[in-house]
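Throughout, protein chains are lettered first and strands after them, A, B, ... in sequence-line order, and every chain is numbered starting at 1. What's counted below: heavy atoms across the whole structure, side chains too, no hydrogens, waters or symmetry copies.
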Amino acid sequence: MSKYYTFKIKRYLPNEKPITRWDEFRVKLNNMERVLDGLIKIKETMDGTLTFRKSCAHGVCGSCAMKINGKNRLACQTLVKDLPEIIEIEPLPSLPVIKDLVVDMTLFFQKNDKVLPYLINEEPPPQRERIQSPEDQHKILESITCIMCGSCTTSCPVFWSDKEYLGPSALLKAYRFLFDTRDKATEQRLKAIAGQDGIWRCHSIFNCVEVCPKEIDITKHILKLKRLAIKKGFKGGQE
Amino acid sequence: MRYRWNVGSLAWITHRITGIILTFYLIAHIFVLSHLKDPTAYNKIMAIMKNPLLKVGELILFAIILKHVFAGLRITLLELGISTKYQKTMAYIGAIAVALLWIIGAFYFLREVI
Amino acid sequence: MFSWLLHRVTGIILLFGLMYHFIQMHFLGHDNYSYEAVMQRLADPSWKIFNILFLLSALFHGFYGINGLITEYVKGNSMKNFLKIFTLILPLVLAFFGIKIVIF
Amino acid sequence: MEINKHYFDTIIIGSGLAGCRAAIECTGKGTVGVLSKLYPTRSHSTAAQGGIGAALGNEEEDSPEWHTYDTVKGSDFLGDQDAIEIMCYDAIPTIIELEHMGVPFSRTPEGKIAQRRFGGHTKEFGKAPVRRACYSADRTGHAVLFALYEQCQLRGVRFFQEFQVLDIVIENQAIQGVIAINIKDGSLHVFEAKVVIIASGGYGKIFKVTSNAYASTGECLSMLFRQGLPLEDMEFFQFHPTGLYGLGILITEGARGEGGILINGKGERFMERYAPTIKDLAPRDMVSRAILSEIREGRGIDGKDYVYLDLRHVDKKILNERLPEISTFCKIYMGIDPSEAPIPVVPTAHYAMGGIPTDIDGRVLRDVDGSFIQGLFAAGECACVSVHGANRLGCNSLLDTVVFGRRAGKAASSILKNSTKGKVKRERVALITECLEMLKNNKGKETVASIRKDLQQAMMDKCSVFRTEKELKLLIDEIKTLKERYKEIEITDKSKTFNTDLLEAIELGHMLTLAEVIASSALQRTESRGAHYREDYPKRDDENWMKHTLAFQREKGITFKYKPVKITRFKPEERKY
């Protein structure tokens with residue numbers, strides 16, 4: 001069963017005038033196809049200049065995050081049959097656009113780098129694996145599924161107005177290590193996230209939770225970080 | 001920029017706006033009170049306060065306070081560890097509580113006038 | 001972190017304070033805010049302490065919020081710093097006036 | 001055109017598991033730059049689901065010797081046994097090391113790394129299935145890739161993300177450097193280096209139905225091939241038995257490892273007939289053939305072209321805990337809940353056993369005599385050591401990438417001292433610029449999409465699980481026509497910024513080259529072995545074909561040379577499960 005959909009796409013072509021415009025395409029898609037399939041069809045048959053990122057096409061790499069009908073999602077994970085006939089597509093909000101639906105993710109990844117996103121444990125490793133109970137592993141289970149697509153951070157109203165804010169993605173990454181029993185850098189990492197631009201900027205708006213393609217309850221994790229910082233009596237950073 | 005609203009972001013934006021209004025009200029409140037040194041000035045203001053228009057203003061203020069209080073309560077409860085699963089339910093309950101308390105409160109306010 | 005925590009604590013104080021305020025001023029009878037009644041109440045030291053606590057909580061709570069807004073919405077460092085200092089001084093001034101009313 | 005020049009002691013192409021593992025090994029011994037055409041964490045390693053094999057013996061008794069035997073047997077005895085032995089024995093310290101680097105493995109109740117069953121992995125040389133695949137739910141690749149990428153960041157590896165390699169410069173039998181384009185602004189960058197490690201991954205996008213990413217186009221292999229270097233065992237391309245019907249999205253073998261079974265239209269558990277001992281956990285080539293045979297004989301579901309993977313009897317808790325990802329895939333893409341309905345599956349193009357021939361330290365070989373290109377290394381799916389022979393066992397690919405990524409990194413850093421800095425000549429860059437301009441300004445009536453579609457369809461129809469001489473010959477002719485059509489290609493996007501249109505055209509050119517190599521290699525191997533099944537030669541022929549194929553580009557076309565298989569411990573025997 002297939003039907004026609006109208007793709008309204010916000011274009012950004014740095015070499016053309018005007019730089020931004022809205023284009024409309026009509027594509028026939030069946031009910032198993034995804035927004036990404038529609039975009040590919042448009043690129044292949046109607047307008048080769050349409051530009052967007054794609055890679056794995058089944059929601060594990062995080063390349064094709066974009067704003068679809070007013071909400072950040074992965075194009076490869078959004079079936080057209082679940083959308084109205086008019087599909088409005090824009091790039092991820094609040095990051096600089098490079099071309100069409102491709103945004104510059106540099107800032108997003110820089111935030112991530114600030115939370116020391118690697119396991120730190122300077123004790124000499126044992127002969128075999130470090131022991132970690134399944135219960136302890138479950139504490140980080142949700143946070144390790146993050147694919148860093150950027151949907152959360154770019155859906156956060158605090159990030160929209162304050163580019164210094166670390167954002168949900170980076171904070172989730174901090175959680176992944178702070179709550180990993182094998183990691184020993186609690187102090188350092190708290191210092192990185194409990195300053196003015198860190199966890200205290202989160203106002204529990206839940207936009208990030210609404211959009212996460214991996215259905216991670218990011219706000220829950222940030223709240224746990226706040227409690228951890230309080231519990232550790234963390235003093236660093238102002239406010 | 002257009003972005004789809006949801007319960008969480010609506011709760012947040014109203015919390016913010018009411019907060020700003022209340023802070024400015026607080027400044028004005030302190031300012032006005034600090035100029036009321038003698039009974040005449042005080043009673044003059046009190047007489048103005050009986051004006052029905054200002055009563056409406058008071059009712060709006062009351063609604064704003066209620067909204068801000070319940071939004072704050074929701075956030076605090078979440079921070080104290082109530083599961084985020086209930087965040088939407090809490091927002092809905094909060095909205096109902098605001099409405100109910102406002103109606104009850106309005107009854108008392110209006111009784112002062114009538 | 002402490003200011004964040006204090007923001008929450010003052011929030012709770014304000015909640016109870018407001019409840020008390022509304023019940024006292026509006027729900028229990030009519031003549032609670034004639035000049036004499038107010039002055040009489042103000043003579044009571046525990047009422048004074050309550051009022052000062054309430055006032056300081058409200059100021060801190062409100063200006064912490066404003067401070068957050070400045071952090072998030074104001075662009076440009078000099079403007080940001082100016083406003084931050086301003087919102088630090090303003091509540092202090094207000095606190096001074098407020099305490100003056102309550103005590104004298 | 002202005003050219004940006006960079007110098008690094010080591011350049012690594014690709015930021016998947018092999019690339020990142022090699023990069024970690026190289027840090028501290030010189031400067032390291034990693035080129036990736038995606039953001040590093042988007043590499044297709046992240047899609048690996050089921051597990052990474054190592055005989056840790058955490059769940060039950062196991063030994064690397066059994067692992068070696070299983071891999072040799074799984075490879076249909078075409079794998080080089082010295083390399084396989086290294087991999088299987090190295091597996092244990094390698095996994096432990098990964099754990100220390102922070103990979104969040106799932107755990108046993110005692111807190112050790114949990115392990116599960118996987119196809120073809122047995123105890124006591126084929127007696128019964130064994131739990132050997134270490135896993136992190138069903139997102140093992142994702143967990144390992146993130147940990148390795150994070151370690152690279154910790155060690156200060158410089159990443160050049162969204163840089164697509166256009167040329168690998170080899171002169172005087174030695175590596176000089178690579179030429180790459182910065183996708184973001186279309187600028188050309190020359191990276192000169194002492195050593196280059198290629199870890200560019202697979203090329204499943206040559207086929208229509210594949211579990212591979214859009215980025216898996218294999219251009220680095222083709223770049224070497226066009227310069228006269230050989231490609232090994234290209235006829236062996238693995239089809240994973242359980243891809244989601246219609247989409248090709250992978251459903252991990254771990255699903256069968258946790259107790260899932262395959263059923264046909266008659267409701268039979270048909271694998272009992274094909275592999276009586278280990279049934280649904282037979283190696284992938286056998287299961288894929290079994291599924292397609294069932295479908296051919298009219299026993300698909302309702303006579304259609306798919307079968308069911310049934311997980312309904314598996315404990316819901318296990319599904320939620322160990323296979324959450326595939327449950328979500330089924331829900332999102334098929335609208336079914338695997339605990340309530342069976343999953344429609346078909347084989348999907350999955351993994352290239354063949355690739356750039358290397359020795360056990362990752363050196364890229366240039367001939368059958370073992371001579372190599374100075375300073376050039378390869379590891380991961382793009383390389384052919386060969387540990388997988390004619391058919392790879394599940395959970396050995398992640399192992400291959402980390403074990404040989406590490407070895408290649410080690411070998412590469414050890415020669416830094418005695419190597420000279422590479423030099424990329426201006427003319428070479430000019431040539432690339434010219435090619436780009438030509439492609440951009442070419443006028444014609446063909447589009448990238450139409451040629452690519454025809455290529456993928458032709459490969460799927462004529463060169464997938466079952467092959468015959470007649471069809472392969474037709475296929476080669478077809479590819480030649482497609483190559484002619486490619487000359488008539490015209491692209492719409494003329495800009496320099498993020499020109500994916502242009503890059504896809506370049507990728508297509510390389511895909512056509514590779515497709516021809518695959519088809520020609522498949523045509524000359526007149527036997528059936530592992531993933532290469534010739535209906536006109538259905539028997540394995542050890543007398544004539546116990547050897548690796550090396551395809552070379554020569555003026556008259558593709559020519560072949562052969563290299564003996566290294567057999568140490570396990571003598572070839574009939575492959576029965």
- What heavy-atom pair brings Met101(D) and Leu119(A) nearest, and what distance separates the two atoms? O-CB, 3.8 Å
- Message: Please classify the contact between Thr145(A) and chain D as side chain, backbone, both or neither, with a heavy-atom cut-off of under 4.5 Å.
- Response: both
- Query: Where on Thr108(D) is there a heavy atom nearer than 4.5 Å to chain A: the side chain, the backbone, both, or neither?
  - Reply: backbone
- Thr328(D) OG1 to His58(A) NE2 distance, which is reported to the nearest 0.5 Å: 11.0 Å
- Query: Side chain, backbone, both or neither: which part of Asp185(D) has a heavy atom under 4.5 Å from chain A?
  - Reply: neither
- Message: I'd like to know if the side chain of Arg182(A) reaches the main chain of Glu99(D), judged simply by a donor and an acceptor atom lying under 3.5 Å from each other, with no hydrogens or angles considered.
- Response: yes
- Take atom NZ in Lys494(D); do more than 12 heavy atoms of anything else shown fall under 6.0 Å from it? yes
- Item | Segment of Glu110(D) engaging chain A (4.5 angstrom heavy-atom cut-off) | backbone
- Query: Any chance NZ of Lys28(A) has more than 12 other-residue heavy atoms, nucleotides or ligands included, within less than 6.0 Å?
  - Reply: no
- Query: Any side-chain heavy atom of His142(D) sitting closer than 4.5 Å to one from Val60(A)?
  - Reply: no
- Salt bridge present between Lys173(A) and Glu150(D) (N-O < 4.0 angstrom): yes
- Taking all atoms of both residues into account, what is the closest heavy-atom pair of Phe498(D) and Thr51(A), and its distance? O-CG2, 3.4 Å
- Per-residue contact mode, Gln137(A) against chain D (heavy atom under 4.5 angstrom): side chain
- Are any non-hydrogen side-chain atoms of Lys99(A) and Asp493(D) less than 4.5 angstrom apart? yes
- Task: Can you measure from NE2 (His138(A)) to CD (Glu321(D)) and round to the nearest 0.5 angstrom?
- Result: 4.0 Å
- In terms of heavy-atom pairs under 4.5 Å with chain D, which of Cys56(A), Pro14(A), Cys146(A), Pro134(A) leads? Pro134(A)
- Task: Mark yes when over 12 heavy atoms from residues, nucleotides or ligands other than Lys208(D) sit less than 6.0 Å from its NZ; otherwise mark no.
- Result: no
- Note on the structure: Only one of Asn15(A), Leu13(A), Thr49(A) passes side chain to side chain contact (heavy atoms under 4.5 Å, CB included) with Ser495(D), and that residue is Asn15(A)
- OG1 of Thr41(D) to CZ of Phe109(A), rounded to nearest 0.5 Å, is 4.5 Å
- Select one option (side chain, backbone, both, neither) describing which atoms of Ile183(D) are under 4.5 Å from chain A's heavy atoms. neither
- Task: Look at Arg53(A) together with Glu162(D) and state whether they make a salt bridge at an N to O cut-off of under 4.0 Å.
- Result: yes
- Message: Test side chain to side chain contact (heavy atoms under 4.5 Å, CB included) on Glu504(D) and Lys43(A); report intermediate values, then the result.
- Response: CA-CA 11 Å; Glu504(D) 280 176 22; Lys43(A) 187 175 176 69; 4.1 Å; yes
- Message: Heavy-atom cut-off 4.5 Å, strictly under: side chain, backbone, both or neither for His100(D) against chain A?
- Response: both
- Tell me, please, whether Tyr214(D) has Lys54(A) positioned over its six-membered ring: NZ or CZ under 6.0 Å from the ring centre and within 45 degrees of its axis? yes
- Closest non-hydrogen atom pair between Arg107(D) and Arg130(A), with its separation: NH1-O, 2.8 Å
- Task: Let me know if Ile249(D) has heavy atoms under 4.5 Å from chain A in its side chain, its backbone, both or neither.
- Result: side chain
- Any side-chain heavy-atom pair from Met32(A) and Met334(D) closer than 4.5 angstrom? yes
